Amino acid sequence: MNAPRLGATATEITQARLATLGTLVAGIAHELNTPLGALHSNHDVIERALLKLGDILEDEVVTPDELDEVRRVVRATEAVLKTNGIAVERMVKLVQSLKNFGRPKASEARPVDLHEGIEGTLALLGYELREVDIVRDFGDLPAVVCHPNRINQVFMNIVHNASQAMPDGGSLTIRTRGGGGRVHISVADTGRGIPPELVKEIFEPGFTTKGDRIGMGLGLAITLQIVNQHGGDISVRSEVGEGTTFDVSLPIRPARDAKREESWNALV
């Protein structure tokens, strides 16, 4: 019998990242549809408001009633522009989150605010998490030296699995703490949980369960690989019918390791 293979290949990692991006497209389309719809509708409102103002100002003399109408139109336009600003900001954040996640390769490790990566992940998965209550229990974290696109992949894989474990909704609690030269991130869901006999297998490359079981694929194998490459640790606690918690621990500044640095190219 062949020995179990440890770690995923660069090709498998690339394929897994592309597959993850593919699953996000439909959700992001839904997320963008709402602000785009607001912008489209409000464009018509602004156009009609400008035509109304143009009609009023055509006369050399503006009556008191017309002046009141101008004030009403201006107030309404200001409210519409405020709504448009919120819609545009929402779309910009979504696009930026997707850009950060999808960037194929970072150059050097650099100090990163992990909370930004977590928020970006939640934004990208917003449609999948629409029935889930998000609880943010964020501590005061220092910047962590890491490859941000790879650590974002870790957050994406864990949160995506949590969303799949709660198809009918539930609660997702993300807790962050720092101390002892490390940061600790826990992601806890209230989903269906993982049977005890499967918990020890979920990080194995190629492990996947479908139907009445749990779908993981290469996601958690890649997650483990990325965390280890950063000198970190990951563990899981789960109870069937109660939920699952993933605990990730990362050093604030990974120790220099020639072998580890040489293997960065295996990750995408």
Side-chain angles (χ1 to χ4, degrees), residues 6-8 13 16-17 20 100-101 106 108-122 125 134-163 165 171-191 193-194 196 198-205 207 214 216 218-239 242-264 266-268:
L6 299 178
I13 294 171
R17 284 179 60 83
T20 302
N100 290 339
F101 175 78
E108 298 293 331
R110 59 182 176 83
V112 172
D113 180 353
L114 295 187
H115 289 153
E116 289 185 359
I118 293 171
E119 290 292 356
T121 296
L122 295 176
L125 292 174
I134 308 295
V135 179
R136 295 169 174 83
D137 183 7
F138 289 172
D140 185 14
L141 294 187
V144 175
V145 177
C146 66
H147 292 253
N149 65 322
R150 294 163 187 170
I151 292 300
N152 288 344
Q153 176 83 55
V154 170
F155 298 147
M156 180 66 66
N157 291 342
I158 294 176
V159 174
H160 180 61
N161 283 336
S163 71
S171 177
L172 181 71
T173 300
I174 303 177
R175 183 176 185 267
T176 64
R177 294 291 185 272
R182 300 180 75 84
V183 295
H184 306 275
I185 307 100
S186 71
V187 181
D189 66 60
T190 57
I194 305 171
L198 296 181
V199 170
K200 61 183 179 181
E201 301 178 23
I202 62 176
F203 292 110
E204 293 182 6
F207 174 79
I214 303 155
M216 298 290 183
L218 275 172
L220 290 180
I222 293 171
T223 297
L224 173 64
Q225 192 169 345
I226 293 172
V227 170
N228 287 344
Q229 289 287 354
H230 282 81
D233 301 295
I234 183 170
S235 60
V236 58
R237 295 170 282 132
S238 188
E239 186 174 344
E242 297 294 329
T244 301
T245 300
F246 283 91
D247 295 299
V248 177
S249 174
L250 296 169
I252 295 174
R253 182 176 294 275
R256 299 284 295 183
D257 186 320
K259 184 177 181 180
R260 180 189 302 146
E261 291 174 3
E262 288 176 1
S263 66
W264 278 122
L267 294 177
V268 183

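Since the model is a prediction, treat every value here as computed from it, not as a measurement.
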For [X] and [Y], which heavy atoms make the closest approach, and how far apart are they?
{"X": "Pro254", "Y": "Val145", "answer": "CD-O, 3.3 Å"}
{"X": "Ser238", "Y": "Val199", "answer": "CB-CG2, 4.4 Å"}
{"X": "Arg110", "Y": "Pro148", "answer": "NH2-CG, 3.5 Å"}
{"X": "Gly193", "Y": "Thr244", "answer": "CA-OG1, 3.6 Å"}
{"X": "Val154", "Y": "Val227", "answer": "CG2-CG2, 4.0 Å"}
{"X": "His115", "Y": "Leu141", "answer": "NE2-CD1, 3.5 Å"}

Sub-4.5 Å side-chain heavy-atom contact between [X] and [Y]:
{"X": "Val236", "Y": "Leu220", "value": "no"}
{"X": "Leu114", "Y": "Ile185", "value": "yes"}
{"X": "Asn161", "Y": "Ile202", "value": "no"}
{"X": "Met156", "Y": "Leu125", "value": "yes"}
{"X": "Asn157", "Y": "Phe246", "value": "no"}
{"X": "Arg177", "Y": "Asp137", "value": "yes"}
{"X": "Leu122", "Y": "Ile174", "value": "yes"}

For the backbone of [Y] and the side chain of [X], can you confirm whether one donor and one acceptor N or O come within less than 3.5 Å of each other?
{"X": "His230", "Y": "His147", "value": "yes"}
{"X": "Asp189", "Y": "Gly243", "value": "no"}
{"X": "Ser171", "Y": "Thr190", "value": "no"}
{"X": "Ser186", "Y": "Asp247", "value": "no"}

>> Run the side chain to side chain contact (heavy atoms under 4.5 Å, CB included) test on Leu172 and Val187 for me, step by step, so that the C-alpha distance in whole Å, both residues' side-chain angles and the decisive distance to 0.1 Å come before the verdict.
In response: CA-CA 7 Å; Leu172 181 71; Val187 181; 3.6 Å; yes
Atom pair [atom1]/[atom2] of [X] and [Y] - distance to nearest 0.5 Å:
{"X": "Phe203", "Y": "Ile222", "atom1": "CZ", "atom2": "CD1", "answer": "13.0 Å"}
{"X": "Arg150", "Y": "Gln225", "atom1": "CZ", "atom2": "CD", "answer": "10.5 Å"}
{"X": "Ser163", "Y": "Ile158", "atom1": "OG", "atom2": "CD1", "answer": "12.5 Å"}
{"X": "Glu116", "Y": "Thr121", "atom1": "CD", "atom2": "OG1", "answer": "12.0 Å"}
{"X": "Ile118", "Y": "Ile134", "atom1": "CD1", "atom2": "CD1", "answer": "11.5 Å"}

>> Using the rule given for side-chain hydrogen bond (donor to acceptor under 3.5 Å, both in side chains), can you reason through Asn149 versus Gln153, listing the C-alpha separation, both sets of side-chain angles and the distance that settles it, and then say yes or no?
In response: CA-CA 6 Å; Asn149 65 322; Gln153 176 83 55; over 6 Å; no
> Considering residues, nucleotides and ligands other than Arg253, do more than 12 of their heavy atoms fall under 6.0 Å from its CZ?
Replying inline: no
